[in-house]
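Here is the structure we will look at.
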There are 2 protein chains.
Amino acid sequence: MCINGGAIIDFDRSPDGWVANHPGEIRQIAAHNHLFFEGDARNSLYIIESGWAKLYRTLVDGQRQVVGFCSAGSIMGLEGAAGHANGCEAVTALKVRAIPVKRLAEICARDPQLAVQLIGQVGNQLGAAQAQLTSVGAHSADQKLATFLLAVADVSQGRDAEFDLPMRRSEMAEFLGLRFETVSRKMSDFQRRKWIKMISMYHFRLLNRSALECLAEGGVVEEAGYAMLAA
Amino acid sequence: MCINGGAIIDFDRSPDGWVANHPGEIRQIAAHNHLFFEGDARNSLYIIESGWAKLYRTLVDGQRQVVGFCSAGSIMGLEGAAGHANGCEAVTALKVRAIPVKRLAEICARDPQLAVQLIGQVGNQLGAAQAQLTSVGAHSADQKLATFLLAVADVSQGRDAEFDLPMRRSEMAEFLGLRFETVSRKMSDFQRRKWIKMISMYHFRLLNRSALECLAEGGVVEEAGYAMLAA
DNA sequence: CGTTAACTTGAGGGCCTTCAAGCTGTGTGG
DNA sequence: CCACACAGCTTGAAGGCCCTCAAGTTAACG
């Protein structure tokens, strides 16, 4: 899994109710707007209530690397010390809970179990980042895309094997360490091989999950005669 | 910076001395031996006292991805939930402090400030992993190697611009998302261009730090006539 | 319905990989 | 102390995968 999300921290179970009574400010961000930029003062942490966001870094030559796609339950803003090491942009309409950094100490003091949960959640994100590092560093373009689509499907919990793919081709490319043309080509390949079907530009259906899983794990999937059709 | 290390957690400053009085077991590991394997039960966290370790993942096809090189101050074992998501192998002789996972809750309860420090340290490692992801995903082989050598130099704090490079070429390659032949070639390139000098196989000197810094940031460094010599 | 951004698809080239051969350096046993 | 063996490193040549550049198509939005 290369996408952050899932583990919801239970902010309502603090022993004396203090944490529950200080739930932080809820903020709404429209799609493609920024929650914070690289280098911004790190005044708050953010926990996603709903929607998708991307965390990214910009290189001096203008290239960008998306370091994570985050959905409900993800904590954003713990990386880095002084300022935000990443920029954060809403991929879809986004609802987040903002928690002032200076309140972190009080939360840990009032509710040590919550502190342990927080450490666990950051640890999960670290593990996810390492998984993504493994994919970007050691996989082919096919493997990267297969892994990514499966991860999106796992997080989305769509029905009938239909899932949202809310990000642009270029954003997927910036996440996977590819160019958007390569992503586009491979998406077309996957459709030609009947592994996926694009219902619309940002909505797909898994036709052959096991083929994708096999590919994601490094296996080579035979085309079963489609090569002849293509020729 | 793409290498974990540095920030030392102050385990001696707990308010009632409890944490300081439970310093955890010190363990020594010889070079190239394992501290833990992928999938091992996650009974302890480890803080490096001295030496270098690598954290890695193995793919089904036998390829490996090194997800981090860790030196003094790094905390290892926080990623993943049930078992260790990474394997950990000593690169040099290694001294670690082992802290039972089940004691984590007690530590956080006794010393909330320490909990905040721990969250910060894991956050730093997350940031480092994201930086590495950026390097592996968006940099050329030259840029990757330049960034890596500078990071090693920063952590090593050698004198006279001489630094240890304790890992093998293949381990550097597995970290940078390259093949060891490519690393070897680029190392030779860098020497030919008089940017570094290998004192011995595992010991180098920075001859032109600014050229490496320029390259690491994406600039193209002219060869100043060395191309003619090479031809 | 027009404009523009995003996407698709093709052709060609470059960077890194793959495969192969030779070299270096370290440790071990005679 | 030297010879040998083997793992790690270097270097070369050829090929492949992905990138770059370019043109055309589709989707989104006012």
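Chain naming here is simple, since letters A, B, ... match the order of the sequence lines and numbering starts at 1 in each.
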Checklist entry - For A:Thr182 and A:Met201, take the nucleotide of DNA chain D holding the closest heavy atom to each; which residue's nucleotide lies nearer the 5' end? => result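 Comparing both residues, the 5'-ward one is A:Thr182.
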Checklist entry - Does a donor on one side chain sit under 3.5 Å from an acceptor on the other, for A:Ser156 and A:Asp154? => result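 No, no side-chain donor-acceptor contact under 3.5 Å.
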Starting at [atom1] of [X] and ending at [atom2] of [N], how long is that distance when rounded to a whole Å?
| X | N | atom1 | atom2 | answer |
| --- | --- | --- | --- | --- |
| B:His203 | C:dG25 | NE2 | P | 16 Å |
| A:Met167 | C:dA6 | CE | P | 15 Å |
| B:Phe180 | C:dC19 | CZ | C1' | 11 Å |
| B:Met172 | D:dG8 | CE | P | 15 Å |
| A:Arg185 | C:dG10 | CZ | P | 9 Å |
| B:Tyr202 | D:dG8 | OH | P | 8 Å |
| A:Arg179 | D:dC19 | CZ | P | 6 Å |
| A:Met198 | C:dA6 | CE | P | 16 Å |

Reckon [X] touches a base, only the sugar-phosphate, or nothing at all at heavy-atom distances under 4.0 Å?
| X | result |
| --- | --- |
| A:Lys144 | nothing |
| B:Ser188 | sugar-phosphate |
| A:Ser140 | sugar-phosphate |

Looking only at the side chain of [X] (C-beta and beyond, no hydrogens), which of the listed nucleotides [options] gets closest?
| X | options | answer |
| --- | --- | --- |
| B:Arg169 | D:dC19, D:dT10, C:dT9 | D:dT10 |
| A:Ser170 | D:dT11, C:dC16, C:dC7 | C:dC7 |
| A:Glu181 | C:dT9, C:dA20, C:dT17 | C:dT9 |

Checklist entry - Parallel under 30°, tilted from 30 to 60°, perpendicular over 60°: which one fits the rings of B:Phe204 and B:Phe163? => result tilted
Checklist entry - Between B:Phe148 and B:His139, is a ring pair (Phe, Tyr, Trp, His ring centres under 6.0 Å) present by the stated rule, with each step listed? => result CA-CA 12 Å; B:Phe148 180 75; B:His139 284 173; over 10 Å; no
Next on the checklist: With side chain to side chain donor-acceptor pair (under 3.5 Å) as the test, pick out the partner of A:Glu49 among A:Lys95, A:Arg27, A:Arg97, A:Gln28.
Outcome noted: A:Arg97
Item to check | Candidate pair B:Ile196 and B:Leu212, rule side-chain contact (heavy atoms from CB on, under 4.5 Å), full reasoning | outcome: CA-CA 9 Å; B:Ile196 63 171; B:Leu212 287 178; 3.9 Å; yes
